[in-house]
Each structure stands twice: as structure tokens, then as C-alpha cells.
Amino acid sequence: MNIYPKINLNFEGLDKLINYVEKYKGIELQFFDEKGIMEQIDIKTPVEKLIKKVPYIKEITIHPPLCNYDIEHIIFKDINIIKEQLDTVVELSRKYNIKINLLYHTEIDIIKHKELTIEKIKELLKIIEGENVILLLENLFMFDEKECTVFKLAEYINHPNLKVCFDICHMYCKANIYKTDIESFANKYLNSQLCKKYIYQVHFSYTANNDGYIERKTHGRVHDNIEKLKYDLDLLKKYNMDKCNYITEVSEDNYDLRVDQLKELKMLEELNK
């Protein structure tokens, strides 16, 4: 298991997280909606700034803006936006000899994907075929699905450059919405064999107060203690999520100090020894 911190474009708290970046040689970089909904984002500038700060880096995951930026949104608006992004990350990957992953959420189910996006996604994958670049799809929670769509989508397309980022907090949100205990929900939501074949990274955090979707401060928090973290880690390992990258996607009050993410990193690393 690789354990990667997560930072934003301002690199707030990078100095506090630097030991983990040095040790595991990876990081996730979060973009925000600074240019408006579904507009192109400048990937090259912040990636090159980050590489100057941490020249030993070997892997970067690019997380585009959070709102109204699902892969289907951009495909419907203008697929060339994603094509340009993929061209950029291929260029950067070659130039700096690093792995770069481009991550998108999706909030439509496999049936809609088959009708609307599959051929477009295959078109995108041709750009990164044979490159040290992966297109990641992440599960969301505010739509109805019987099984985790991103795994079904990866299975249907079955391309080596298409993998899954699984967000445990989003699964907890869905279980809480349906008022189902997490183990029963996971048993219906996840398929161990699909997880083993297609999982590439996990967004790891705690979901507080049996919520995660009503009160924002309950979403993506630091685990209260190592026992609760171990419970979640063991649950994911049950579904073959033990040899992938773990990203500590932790919300907190002070992003300069990164107290909560550091606590999460420390506990996760202790259990990974």
C-alpha cells in the first residue's frame, strides 16, 4: 500500500506533509472552480510548480473541480476539454518521467453510460493508451444504483488505462441515506473480484455521526481513533482494496497546519507496517 497526502493548488500545508511525500513519492492535487463551471483548467502550471518543490515525486493524481465537473458533464459540453487535459498530462508524464492520473466523478449509472458516454470514453482512452497515465473514475453517492457503477463501467470498457478511485466516505453516505449498516450495504454494493481487478486508489477518511451528506462537517473527516480507522481499513481489505494507493482525503479547520490529515496519515501508516 502506498499512502499519499492530498493538497490544494495553493500547496497549503505541504511543508507539514512533506515527510510522507518524500517517503511514498506521491500526492493528489485538488483543483477548484476558480474559472467557472465546466471550463478548462490549467494543469501544467501547478504540476510544474509542484515538481519544482518536490523533484523526487513519482506519481501525481489530478482531481479536477468538485462541482459540475463529472466526466459526463464535460463530455456533454465539449469532449475536447478532456482531450486537451489528457494531452497535457501525457506531455508532463513524458517530460518528467512520472505517473499522472486524471480523476473524474460520475453520477449516472451504467445503463446511461452505455447509451451516452461509452464510445466517448473509449475515444479518450486512445489518447493515453501505452502511456504512464491513468484515467480514474470515482464513485459518488447522491444517485440511485444497485452496484458501484464505476467498477461496472471499468469492467464493461476493460481498458488498462481506465481504473477506479473508491471513496469510502461516499459509500458510507449511501449506506446512511438508506439507513443500512455499512457491512450489509457493502456486501450488496461491492464485488470483490471487480475491486481486485480495477481498484487503483482509495480516498480514505471517516464519516461522522452516521451522516456525511446532511451536515458538511461530518463528511471526509479524520478518524476519531485508530480502532475506528482499523475497522474501515479491514472493511476495504475484505474487498481486495489492500494493495492500492491510499489518499488521505481529510477535511479540516486549518489547512496550513494539516493537523487532522497528519493524524490520519500517522494512524494509517501504523496499521500498514
Side-chain angles (χ1 to χ4, degrees), residues 28-29 31 37-44 47 59-95 98-167 170 189-203 240-241 244-245 247:
E28 181 168 301
L29 185 60
F31 283 68
I37 294 174
M38 289 178 271
E39 296 297 329
Q40 185 58 278
I41 56 176
D42 174 16
I43 290 175
K44 186 174 183 179
V47 166
E59 183 167 14
I60 300 172
T61 292
I62 303 296
H63 195 311
L66 295 168
C67 300
N68 300 301
Y69 218 87
D70 301 340
I71 192 167
E72 57 269 17
H73 295 158
I74 309 303
I75 286 174
F76 294 159
K77 179 176 181 178
D78 184 358
I79 194 173
N80 290 313
I81 292 174
I82 303 181
K83 286 183 176 181
E84 289 172 9
Q85 291 171 1
L86 290 172
D87 284 337
T88 297
V89 296
V90 167
E91 175 191 341
L92 290 167
S93 174
R94 290 177 178 177
K95 181 178 179 180
I98 61 172
K99 187 166 206 170
I100 302 184
N101 315 308
L102 188 59
L103 183 154
Y104 289 94
H105 293 153
T106 181
E107 59 180 354
I108 61 176
D109 61 26
I110 188 64
I111 296 172
K112 294 184 180 70
H113 272 295
K114 287 179 180 179
E115 294 296 325
L116 299 170
T117 71
I118 292 289
E119 295 307 314
K120 297 296 184 183
I121 294 174
K122 288 180 179 178
E123 189 178 331
L124 294 171
L125 289 167
K126 288 180 181 178
I127 298 172
I128 59 175
E129 206 164 84
E131 300 289 345
N132 200 15
V133 172
I134 289 180
L135 181 63
L136 292 171
L137 297 179
E138 179 182 341
N139 57 306
L140 285 180
F141 61 91
M142 293 300 285
F143 74 102
D144 187 36
E145 54 179 351
K146 292 182 179 179
E147 294 180 271
C148 189
T149 291
V150 288
F151 288 106
K152 301 298 289 184
L153 188 54
E155 178 189 35
Y156 188 82
I157 296 175
N158 195 31
H159 191 285
N161 295 75
L162 178 67
K163 298 293 180 181
V164 168
C165 171
F166 184 76
D167 191 309
H170 293 169
Y189 188 59
L190 297 175
N191 177 296
S192 294
Q193 293 308 307
L194 292 184
C195 292
K196 183 176 183 178
K197 186 171 183 179
Y198 296 109
I199 183 70
Y200 186 79
Q201 74 170 41
V202 167
H203 277 163
N240 292 314
M241 299 190 204
C244 52
N245 297 339
I247 314 293

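Position 1 is the first residue of the sequence; numbering continues from there. All figures in this text were calculated on a predicted structure; none of them were measured in a lab. Below, each value reflects all heavy atoms present in this structure, side chains not excepted, and no hydrogens, waters or symmetry copies.
Applying side chain to side chain donor-acceptor pair (under 3.5 Å) to Thr117 and the options Glu119, His113, Lys120 leaves one that passes, His113. Of the listed residues (Leu136, Leu29, Ile71, Ile62), just one forms a side chain to side chain contact (heavy atoms under 4.5 Å, CB included) with Leu103, and that residue is Leu136.
Relative orientation of the Tyr189 and Phe166 rings is tilted, given thresholds of 30° and 60° on the angle between their planes.
Within 6.0 Å of CZ in Phe143 there are more than 12 heavy atoms belonging to other residues, nucleotides or ligands.
In this structure, Glu123 pairs ionically with Lys83, as a charged nitrogen and a carboxylate oxygen lie closer than 4.0 Å. A salt bridge links Lys152 with Glu155: at least one charged nitrogen is closer than 4.0 Å to a carboxylate oxygen. At a threshold of 4.0 Å, the pair Glu39-Lys77 counts as salt-bridged, since one of the basic side-chain nitrogens sits closer than that to a carboxylate oxygen.
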(request) Please step through side-chain hydrogen bond (donor to acceptor under 3.5 Å, both in side chains) for the pair Asn161 and Glu129, ending with a clear verdict. (result) CA-CA 7 Å; Asn161 295 75; Glu129 206 164 84; over 6 Å; no
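With no hydrogens or angles considered, no side-chain donor-acceptor pair links Glu131 and Ser93 at under 3.5 Å. Remark: the Glu72 side chain and the Tyr104 side chain contain no N/O donor-acceptor pair separated by less than 3.5 Å.
Checking side-chain atoms of Asp167 against main-chain N and O of Asn139 turns up no donor-acceptor pair under 3.5 Å.
Across all their heavy atoms, Asn240 and Ser192 have their closest contact at ND2-O, 2.9 Å.
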